[in-house]
Engineer: 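Below are the structure tokens for one structure; questions will follow.
If you're wondering where the values come from, they're calculated on a predicted model, not measured in any experiment.
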Protein chains: 2
Amino acid sequence: MTRLTRKETHAQTRERLLETATRVFLADGYNATSVEKVAAEAGFSKGAVYSNFATKHELGLAVLDRVRLERAGSLAAAVSGAADLESRVAAFGAWAEENIGDVGWTTLEVEFATSTRRVPGVRTDLAARRRALTAAVADLVEQQAAELGVTLRQSAEDLAVQLLSLGIGLGVQRAFDPELPVRSLVDLLRGAL
Amino acid sequence: MTRLTRKETHAQTRERLLETATRVFLADGYNATSVEKVAAEAGFSKGAVYSNFATKHELGLAVLDRVRLERAGSLAAAVSGAADLESRVAAFGAWAEENIGDVGWTTLEVEFATSTRRVPGVRTDLAARRRALTAAVADLVEQQAAELGVTLRQSAEDLAVQLLSLGIGLGVQRAFDPELPVRSLVDLLRGAL
DNA sequence: GTCTATAAATCGATAGAC
DNA sequence: GTCTATCGATTTATAGAC
């Protein structure tokens with residue numbers, strides 16, 4: 001064990017800032033959170049943030065990447081834990097109930113996207129990420145269908161678009177009306193099998 | 001023709017402010033538009049705005065009501081103009097292509113909702129409006145189904161939630177990736193008949 | 001690399017004149 | 001009722017010390 005190089009402490013600071021930003025953005029929203037608050041909660045000053053991220057937007061994008069990766073893992077784990085088709089669908093429903101809307105994930109994605117859609121660089125980034133995410137969901141759907149031996153009534157790509165869009169729409173509405181059930185997501189999935 | 005009473009000029013100013021705010025909010029977004037810009041574009045000063053609306057949030061809610069009413073009328077007109085089932089579905093598809101996402105409507109609704117979801121008064125307002133809108137869509141669906149003699153495969157209420165959620169999700173994504181087609185909305189509708 | 005200090009700009013909202 | 005002027009608070013981002 002040698003002492004950390006400059007590069008390593010830099011990466012460590014960046015990681016801690018990302019962790020904190022993720023937590024605060026999810027709790028309070030993107031617009032309502034100042035860069036200063038993120039820095040303070042992480043035990044740094046604003047300068048440290050701007051030493052690791054060029055702009056607040058860049059920090060926001062990095063946070064979104066982080067959350068998306070984590071949730072994708074949690075979904076994959078939840079789904080693949082179940083054996084047969086019916087329990088996989090049920091597992092998906094349970095995951096959706098916990099992850100769509102009220103935890104702030106959807107809301108953060110959407111607030112960021114709508115608030116920064118005029119910023120030239122960010123906009124193209126968001127578009128690229130959307131396509132990657134859709135493709136990933138389509139792959140997951142296809143793989144699951146093959147594994148379980150079911151044939152889809154539409155292309156995996158179309159189903160992925162529908163699932164993602166419906167999830168976004170439900171999540172947005174649940175952000176200010178948590179009583180709205182996510183049942184329709186499971187309905188959509190069942191109807192497609 | 002007598003000269004306008006104080007009440008009438010007040011209402012006139014309010015109307016002009018609403019018109020202008022609608023246009024600017026749709027074009028530039030809610031957060032990016034200052035109260036001062038709305039006032040200036042309408043030919044007034046900020047004071048006139050705050051004489052007609054208590055806060056910027058209240059102005060935002062009034063704008064949303066206005067737009068929603070107008071779009072609801074345009075949808076009803078588009079749908080009822082067609083005679084048989086197939087052409088009504090097609091009319092709906094054409095309306096969706098023009099109204100979901102790229103015109104800024106969905107984006108404005110969603111940006112406002114996600115940015116103000118922590119504001120106590122606004123939040124309950126949004127929830128009430130969501131329920132009213134869902135009920136209105138459910139009514140429209142039910143009425144159309146009865147008129148055309150088709151039976152739905154699920155409750156009109158559930159279908160309304162799905163249509164609205166899918167529309168919101170597609171609209172949000174189209175805001176930064178306009179190439180995403182709205183086809184799935186029509187697919188969903190067809191599948192429910 | 002990080003911190004302190006501050007720039008530079010903007011915003012929502014209010015007070016008082018007219 | 002509307003306008004002018006301004007408050008007061010906050011923001012992102014930067015410059016220079018350490």
Engineer: Not counting sequence neighbours, which residues clear side-chain contact (heavy atoms from CB on, under 4.5 Å) with A/Tyr50? List them please.
Structural biologist: A/Val35
Engineer: Hey, which of A/Tyr30, A/Trp105, A/Phe25 is the one that makes ring-ring contact (aromatic ring centres under 6.0 Å, His included) with A/Phe112?
Structural biologist: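 By the ring-ring contact (aromatic ring centres under 6.0 Å, His included) criterion, A/Phe112 pairs with just one of A/Tyr30, A/Trp105, A/Phe25: A/Tyr30.
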Engineer: Using every non-hydrogen atom in the two residues, find where B/Leu166 and B/Leu188 come nearest and quote the distance to one decimal.
Structural biologist: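 Between these two residues, the closest heavy atoms are CD2-CD2, 3.7 Å.
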Engineer: Side chains of A/Leu185 and A/Ile100: does their closest heavy-atom pair fall under 4.5 Å?
Structural biologist: yes
Engineer: Considering all heavy atoms of both residues, which atom of A/Gln154 and which atom of A/Ala192 are nearest to each other, and what is their separation?
Structural biologist: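 Scanning both residues completely, I find the closest heavy atoms to be NE2-CB, 3.7 Å.
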Engineer: Using a 4.0 Å cut-off on protein heavy atoms (strictly under), produce a 5'-to-3' string for nucleotides 11-18 of chain D with B for base contact, S for backbone-only sugar-phosphate contact, and - for none.
Structural biologist: SBBB----
Engineer: Could you measure the distance from the CG atom of B/Leu152 to the CG atom of B/Asp158? Nearest 0.5 Å is fine.
Structural biologist: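 One finds 10.5 Å between CG of B/Leu152 and CG of B/Asp158.
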Engineer: Please determine whether a side-chain nitrogen or oxygen atom of A/Ser45 lies at a distance below 4.0 Å from atom OP1 or OP2 of C/dC3.
Structural biologist: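 Answer is yes, contact under 4.0 Å.
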Engineer: Is there a donor-acceptor pair under 3.5 Å between the side chain of B/Ser184 and the backbone N or O of B/Asp187?
Structural biologist: no
Engineer: Under 3.5 Å, is there a donor-acceptor pair between the side chain of A/Ser34 and the main chain of A/Lys37?
Structural biologist: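 A pair under 3.5 Å: yes.
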Engineer: Of the options D/dT2, D/dC3, C/dT2, whose atoms approach the side-chain atoms of A/Ala48 most closely?
Structural biologist: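 Within the option list, the nearest is C/dT2.
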Engineer: Does a nitrogen or oxygen in the side chain of B/Ser51 sit under 4.0 Å from OP1 or OP2 of D/dT2?
Structural biologist: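 For B/Ser51, the contact criterion (side-chain N or O under 4.0 Å from OP1 or OP2 of D/dT2) is met.
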Engineer: Can you tell me which stems DNA chain C forms, taking runs of 3 or more consecutive Watson-Crick or G-U pairs with both distances under 3.5 Å?
Structural biologist: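 Stem list for DNA chain C: C:1-18 with D:1-18.
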Engineer: Just how far, in rounded Å, is C1' of C/dT2 from CZ of A/Phe53?
Structural biologist: 15 Å
